[in-house]
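Each residue takes its place number in the sequence, starting with 1.
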Amino acid sequence: MSNNRSGVFIGGMMLGATIGALTGLLIAPRTGRETRKLLKKSADAIPELAEDLSTSVQIQADRLSANALRNWDETLDRLKEAIAAGIDASQRESQVLNRQTTEEDSDSLPQPSERS
């Protein structure tokens, strides 16, 4: 989960840096020509920034997917173990009840009377 948060943080930091740079350029005490040159350089850097951000998001998505898959597998294994334990317990209880029923039936059968 912290990997996902760090990816969001990095993306936010990159976006904030871009907005800050553009704001700084717009209010800087430069001539229009100098400002336009700097803006063009910044605009030329945006595709690279977008690619870096895209790569970062993809890495985070891959990590999240791997974690989700691992958690799913662990949950599935625990569920299988719980079902197997439930089946075993049910079978044992059924055997105990069958023995008790058999004993009760044999106790309730009329005993042959002894002749003296």
Side-chain angles (χ1 to χ4, degrees):
M1 189 149 159
S2 64
N3 289 336
N4 190 22
R5 288 183 182 167
S6 65
V8 171
F9 175 76
I10 290 171
M13 193 169 66
M14 294 172 115
L15 181 62
T18 302
I19 291 171
L22 289 174
T23 303
L25 288 172
L26 292 174
I27 61 173
R30 293 198 169 100
T31 65
R33 178 175 288 181
E34 290 173 344
T35 302
R36 283 189 297 276
K37 283 182 184 178
L38 287 174
L39 284 174
K40 182 168 178 5
K41 285 182 183 179
S42 295
D44 290 343
I46 287 177
E48 184 178 328
L49 178 65
E51 184 179 340
D52 291 344
L53 183 60
S54 173
T55 301
S56 176
V57 168
Q58 183 63 43
I59 289 169
Q60 294 302 322
D62 290 345
R63 286 182 185 163
L64 181 62
S65 176
N67 286 339
L69 185 58
R70 187 172 46 252
N71 288 341
W72 173 255
D73 288 341
E74 290 171 1
T75 301
L76 190 58
D77 289 341
R78 286 195 314 263
L79 182 61
K80 286 178 182 178
E81 290 172 6
I83 289 172
I87 289 171
D88 289 343
S90 175
Q91 288 173 345
R92 282 193 303 270
E93 188 64 25
S94 178
Q95 290 172 353
V96 168
L97 290 173
N98 284 339
R99 270 187 258 134
Q100 287 176 350
T101 304
T102 303
E103 289 173 2
E104 289 174 2
D105 287 346
S106 67
D107 288 345
S108 66
L109 289 176
Q111 298 293 328
S113 52
E114 293 181 19
R115 292 188 182 209
S116 315

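- With sequence neighbours left out, I59 forms a side-chain contact (heavy atoms from CB on, under 4.5 Å) with T55, R63.
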Distance-only donor-acceptor pairs under 3.5 Å for side chains of residues 69-76, two or more places apart:
residue	atom	partner	partner atom	Å
R70	NH2	N67	OD1	2.3
N71	ND2	N67	O	3.4
T75	OG1	N71	O	2.8

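- Residues S56 and I10 approach most closely at OG-CG2, 4.3 Å, considering heavy atoms.
- Between Q60 and V57 the shortest side-chain heavy-atom distance does not fall below 4.5 Å.
- Residues passing the side-chain contact (heavy atoms from CB on, under 4.5 Å) test with L49 are M14, T18, sequence neighbours excluded.
- Of the possible polar contacts, one joining the T102 side chain to the N98 backbone as a donor-acceptor pair under 3.5 Å is found.
- Other members of the cluster containing I83 are L79, I87, with ILVMFWY side chains joined at under 4.5 Å, either directly or via other members.
- For L97, the side-chain contact (heavy atoms from CB on, under 4.5 Å) partners at least two apart in sequence or on another chain are E93, Q100.
- Sorted by first and then second residue, the pairs that involve residues 36-47 and meet salt bridge (Lys or Arg N to Asp or Glu O under 4.0 Å), not counting sequence neighbours, are K40-D44.
- Listed by chain and number, the hydrophobic cluster partners of I46 come to none, as no ILVMFWY side chain reaches under 4.5 Å of it.
- Listed by chain and residue number, nothing satisfies the side chain to side chain donor-acceptor pair (under 3.5 Å) test with D52 (two or more places apart in sequence, or in another chain).
- Members clustered with L15: I19, by chain and number, using a 4.5 Å side-chain heavy-atom cutoff among hydrophobic residues.
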